[in-house]
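Just below is one structure, and these are the notes that go with it.
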Amino acid sequence: MKHTISVLLQNKPGVLSRVTGLFSGRGFNIESLSVAPTLETDVSCLTLVTVGDNNIVEQITKQLHKLIDIIKVTDISEFEFVEREMALIRVKAEPSTRAEILRICDIFRGKVVDVSAKSYALEVTGTCDKVQAMIDILRPIGIQEIVRTGTIAMTRANKKY
Amino acid sequence: MKITGAQALLKCLEEQKVETIFGFPGGAVIDLYDEILAQDKITHVLVRHEQAAVHAADAYARVTGDVGVALVTSGPGATNTVTGIASAYMDSIPIVVFTGQVPTGLIGNDAFQEVDIVGITRPCTKHNYLVKNINDLVPTIREAFYIARSGRPGPVLVDLPKDVMATRFVFPEPQQVKMRTYRPTYEPHPGQIEKACQAILKAKKPVIYAGGGVILSNASDDLTQLARTADIPVTMTLMGLGGFPGTDPLSMGMLGMHGTYYANMAVANCDLLIAVGSRFDDRVTGRVDAFAPHAKIIHIDIDPTSISKNVKVHIPIVADCKHALTAMNTWFARSEEFNAKTEKGNHAAWLREINDWRVAHPLGYVDTPDVIKPQFVVQKLHELTHGDAIITTEVGQNQMWAAQFYHFNHPRAFMTSGGLGVMGYGFPAAIGAQMAAPDRTVIDIAGDGSIQMNIQEMATAMQYKLPVKIAILNNGYLGMVRQWQELFYDKKYSATPLDVAPDFVALARAYGAVGLRATKPSEVEPVIKEALATKNLVVMDFVIAREEGVYPMVPAGKATTEMLLV
């Protein structure tokens, strides 16, 4: 099963390598990983998506927590959460397909961010599944290049008033 | 007043109450060695290979219960420590290793004797540091010692660039280490203690399975109290030997691959397994699904990652072993239900069942009149040292025979590379142990193969007048691998015969040590007696039965009940 894990870590040299080394050394999977600073400049937030049964994910969170530079580990999948990923997709754009591409882009609430005589570059944001769906639909038209950010996620606020 | 980084390092060591360090100099640490010469509070032991410095620091830590320290130069000095560090990591031994590094301006330039040792040791240290700024030096060293000795102990490496060691600065005031990201849990959850004690109260066939954590947390007395109060038989892992008195009637000796028949049978048939400071290693469990299949499992460990890693645990207790066992002992002292029982926690029927297994298949070997059996040597060592020696081992058959036949009654008396299994650990460890306990008898039980992996340390022992005793169980083979080849590879002895070997007696003499040899069983006792009476490094070369095996043995991947017996 897919799990989204959010990790707060100290922004020091080598910390990311401790995390990735842990995954490769213990044979855990990383589907995607993204990391950037938080409000506190010396603390970064790392979101990673991994696949494994409950025992493996329990080990992953415990092992991550054991790393000295890591402040907090949350398996976000245990809560209600929102996730987003962004992708930039360059699609081959022939006169016959240009309108079709724009329609697809509209349906997915994407944006055109670059135009050339023979291609469009599109920006799309959404859940991992939505981004994948748009890619699948564009694929027959001819995708030239893709860059994805990997998933970032946040738990939903407590709804009790 | 300003001092240099090198002076500050020594001041930090003093602050941490370090008395002995093991090391080997080199270009990147010359400044440090210059300062070592200028002081007399810290003794530096010059080893002959950096790996030995780390093993010696490891054993020093195990004997004293404090942090062991090693100091080496950059590049090859640093890479030579990796085996020692990895071994300390697997065995949770608190050590701090200082490595020299090229000047900060040259880092990343592929400079002479430069290596990214922080990168190399990331997966085999508890934590490691590269100190790039002199102002970070002192807080980093304080943190390194704190991390090494607290929680689940382990090795910490601090990489010290040469220019940082030469920089002058003002030494900061002593300060308590406080870390936002690292707070080990020492106190057990009271609810879990309650659950565990209730489970013990109900159990008909309980077993305590004690590991190295008992020794690390100085919980032997508390464990002994619990076992005797609640009348629970105890088995120990290789790392746990000495954590409970080996000659106590409740002791079942070691469990696992080369454990006793009765310990493995007891675990396989118990209804409650109380794991204390142990980690369900594959050498202990054998086939996991057949390990303690009928048991409810309580697991006390300070490291949450150890819990339910290999075997599902029913009552986890994340805590220091000593704290948890103390809480359990208090519970039993206060429990009206327990104390109202006429026969307090009496498991007579269960202990009889275990004793039947013990009688059916005791730990033993077939004695021969003309050829020395290795087990006989270990038994004699035990007898003639009254079980009071500090024993170190190499790895292989020698290690298992030492574990089986030297019945350890006290903690911190058995040093072995349990997790990583390092051939070449025993002799440098004996040197570290002897430095820590100058008045104790220290014996390295070795094989003819593994002793050669750090045999250069004879010079170290001679230089510091350390009267370590080496007992080589010499069968002319890499015996443990040979045993596997005999049992599982049609006796094809690929690369295991050691046909060319030095004359160990002559070699000892070449170093100025004493060399003794026994070739017949009748010579064993006189040789050991002479060795024990000699105030010098002694090498005892016991020419033993060439193809003797270690039994019982659980073949890899089998259930622990499927033992090959003598």
Nearest non-hydrogen partners of B:Met179 and A:Ile68, listed with the distance
CE-CG2, 3.5 Å

Find out whether A:Asn55 and B:Lys309 are in side-chain contact, i.e. whether some heavy atom of one side chain is under 4.5 Å from a heavy atom of the other.
no

With a strict 4.5 Å heavy-atom criterion, list every residue of residues 138-159 of chain B that contacts chain A, or say none.
B:Ile147, B:Arg152

Atom CG of B:Asp110: over 12 foreign heavy atoms under 6.0 Å:
no

Check side chain to side chain donor-acceptor pair (under 3.5 Å) between B:Ser417 and all other residues, then give those that pass, not counting sequence neighbours.
B:Ser87

Portion of A:Ile70 that has a non-hydrogen atom of chain B nearer than 4.5 angstrom:
backbone

Please round to the nearest 0.5 Å and tell me the distance separating atom CD1 of B:Ile307 and atom CD of A:Gln59.
10.5 Å

Sorted by number, residues from residues 280-305 of chain B in contact with chain A (heavy atoms, under 4.5 Å):
B:Asp303, B:Pro304, B:Thr305

Members of residues 124-137 of chain B whose heavy atoms come closer than 4.5 Å to chain A:
B:Lys126, B:His127, B:Asn128

Within this structure, what is the NZ-OG distance for the pair A:Lys62 and B:Ser306, rounded to the nearest 0.5 Å?
8.5 Å

Does a side-chain N-to-carboxylate-O contact under 4.0 Å join B:Arg180 and A:Glu40?
yes

Is atom CE of A:Met154 surrounded by more than 12 heavy atoms (other residues, nucleotides or ligands) closer than 6.0 Å?
no

Could you state the interatomic distance from OG1 (B:Thr181) to CG (A:Leu8), rounded to the nearest 0.5 Å?
11.5 Å

Based on non-hydrogen pairs under 4.5 Å, which of A:Gln10, A:Lys66, A:Arg18 is most in contact with chain B?
A:Arg18

